[in-house]
Q: 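Take this structure first; my questions come after.
Letters A, B, ... mirror the listed sequences (proteins, then strands); counts begin at 1.
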There are 2 protein chains.
Amino acid sequence: MESMARAATTSDVFNAIAEPQRREILVLLRSGERPVTELAQELGMTQPGASKHLRVLREVGLVRDRRAGKQRLYGLDASGLRPVHEWTGGFERFWNESFDRLDEYVQDLKQAKQEE
Amino acid sequence: MESMARAATTSDVFNAIAEPQRREILVLLRSGERPVTELAQELGMTQPGASKHLRVLREVGLVRDRRAGKQRLYGLDASGLRPVHEWTGGFERFWNESFDRLDEYVQDLKQAKQEE
DNA sequence: TTGACGCATACCTATATGGGAATATGATGG
DNA sequence: CCATCATATTCCCATATAGGTATGCGTCAA
């Protein structure tokens, strides 16, 4: 495993949701569990394609599956998205501040630190 | 360009922040502008490595650069993270609800729709 | 047990990356 | 114009994907 090109998608939620179609799958699953075939059809992808994306999502824990007769229903487990939401949330003050005021902000921080 | 392996990181913020080191760069930049060399040093990567990551971040608009004498200072432009924050926020109710109650929730949705 | 159906895998191909090393570019001070 | 510092690029390589097609596997109904 020398010189990995990128963190495996199977081990990182950030990477797992970097794929547009996987994000679409997650969105669809908000309205309830679905079998693979249905997802594939709704997203216009092949069944193997959907299965592969679902596998990635399952391995990072964003999706759960359970057997239901002949079918296998996939359901959302969005808790893994929480860290992503929180991480981006850590930048919230930066998009609320304009760029000009950002500099002031940083100055304030520095000053506050000196006054500690 | 047939059969793209994945959306180009240069055109998608989700993909750009899928790389751990790029996320670290963004975090560092919250405390102010930095030249490439400093970033590279603080993150224990080579200068070319840092430059390449910064290029990706710049192309998706998460980072701005300006010349300052001999140096080139990179600064944060976190507005591009907002869509990610909002997208993940769309799943918030799913991690607040337990899995058992989730099913009820979906039932409620369906019922509400019928009663429209 | 045997189809048929639903889904997961294996295989193959073109691309996209990340990382390291060497090198090209740019801007600055003399 | 030159030497130098700060960065960006270019090459090269190994690996990670995404997608398509063919195929294996497990489950259910008759």
Side-chain angles (χ1 to χ4, degrees), chain A residues 1-26 28-29 33-60 62-75, chain B residues 1-26 28-29 33-60 62-75:
Chain A
M1 202 197 309
E2 357 177 337
S3 141
M4 196 156 39
R6 148 176 258 170
T9 70
T10 56
S11 59
D12 181 1
V13 174
F14 280 89
N15 230 317
I17 65 171
E19 228 291 323
Q21 300 203 284
R22 284 198 286 267
R23 289 201 297 277
E24 291 187 61
I25 288 177
L26 294 176
L28 271 182
L29 292 180
E33 297 178 314
R34 302 275 171 76
V36 183
T37 314
E38 198 175 316
L39 286 171
Q41 190 183 342
E42 294 185 274
L43 296 177
M45 49 175 142
T46 64
Q47 172 268 309
S51 277
K52 277 184 268 189
H53 282 311
L54 284 166
R55 180 189 172 122
V56 172
L57 292 172
R58 176 159 33 93
E59 291 187 358
V60 298
L62 288 174
V63 145
R64 299 260 183 85
D65 67 292
R66 72 183 174 83
R67 303 206 58 83
K70 204 181 295 185
Q71 296 184 316
R72 176 179 294 259
L73 296 181
Y74 280 88
Chain B
M1 197 201 308
E2 357 177 338
S3 143
M4 198 159 35
R6 149 176 257 172
T9 70
T10 56
S11 60
D12 181 2
V13 174
F14 280 90
N15 229 319
I17 64 171
E19 229 290 325
Q21 300 201 284
R22 284 199 285 266
R23 289 201 296 278
E24 291 186 61
I25 288 177
L26 294 176
L28 271 183
L29 291 181
E33 297 178 313
R34 303 273 171 75
V36 183
T37 314
E38 198 175 316
L39 286 170
Q41 191 183 342
E42 294 184 274
L43 296 178
M45 46 176 143
T46 64
Q47 173 269 309
S51 277
K52 279 184 266 188
H53 282 312
L54 283 167
R55 179 189 174 122
V56 173
L57 293 172
R58 175 160 33 92
E59 291 186 359
V60 299
L62 287 173
V63 145
R64 298 258 183 84
D65 67 291
R66 73 181 173 85
R67 304 207 56 86
K70 204 181 297 186
Q71 295 185 316
R72 177 181 293 258
L73 295 181
Y74 280 89

Q: Looking at A:Gln47, I'd like to know whether one of its side-chain N or O atoms comes within less than 4.0 Å of OP1 or OP2 on C:dC5.
A: no

Q: Taking B:Ser51 as the fixed residue, which of B:Gln47, B:Arg55, B:His53 is the one that meets the side chain to side chain contact (heavy atoms under 4.5 Å, CB included) rule?
A: B:Gln47

Q: Under 4.0 Å between a side-chain N or O of B:Tyr74 and OP1 or OP2 of D:dA8?
A: yes

Q: Applying a 4.0 Å non-hydrogen cut-off, can you work out what B:Gln71 is touching in the nucleic acid: base, sugar-phosphate, or nothing?
A: sugar-phosphate

Q: Look at B:Arg55 and D:dT9 and indicate whether a side-chain polar atom (N or O) is within less than 4.0 Å of OP1 or OP2.
A: yes

Q: To the nearest Å, how far apart are A:Asn15 CG and C:dT17 P?
A: 11 Å

Q: Please round to the nearest 0.5 Å and tell me the distance separating atom CD1 of B:Ile25 and atom CG of B:Leu62.
A: 11.0 Å

Q: Out of A:Arg72, A:Arg66, A:Arg64, which residue meets the side chain to side chain donor-acceptor pair (under 3.5 Å) rule with A:Glu33?
A: A:Arg66

Q: Return the nearest nucleotide to the side chain of A:Val36; candidates are D:dA8, C:dA8, C:dG18.
A: C:dA8

Q: Measure from CD on B:Glu19 to P on C:dG18 and round the result to the nearest Å.
A: 5 Å

Q: 5'-most contact on DNA chain C: B:Thr46 or A:Leu54, nearest heavy atom basis?
A: A:Leu54

Q: Using the side-chain heavy atoms of A:Lys52, tell me which of these nucleotides is nearest: C:dC5, D:dG20, D:dT7.
A: D:dG20

Q: Find the distance A:Arg72:CZ to D:dG26:C1' and express it as a whole number of Å.
A: 9 Å

Q: Near B:Glu42 CD, under 6.0 Å, is it more than 12 heavy atoms from other residues, nucleotides or ligands?
A: yes

Q: When all nucleic acid strands are considered with a 4.0 Å heavy-atom cut-off, which category describes A:Pro48: base, sugar-phosphate, or nothing?
A: base

Q: Separation of B:Leu39 atom CG from D:dA6 atom C1', in whole Å?
A: 13 Å

Q: From NZ of A:Lys70 over to P of D:dA29, roughly how many Å is that when rounded to an integer?
A: 7 Å

Q: From CD of A:Glu24 over to P of D:dG19, roughly how many Å is that when rounded to an integer?
A: 11 Å

Q: For a quick test of reading the model: is some side-chain N or O of B:Arg67 closer than 4.0 Å to OP1 or OP2 of D:dT7?
A: no

Q: In Å and rounded to the nearest 0.5 Å, what is the CD to CG distance from A:Gln21 to A:Leu57?
A: 11.0 Å

Q: Any side-chain N or O of A:His53 below 4.0 angstrom from OP1/OP2 of D:dT17?
A: no

Q: For B:Met45 and C:dG18, what is the distance between atoms CE and P respectively, to the nearest whole Å?
A: 11 Å

Q: Rounding to an integer number of Å, can you tell me how far B:Glu59 CD sits from C:dA16 P?
A: 14 Å

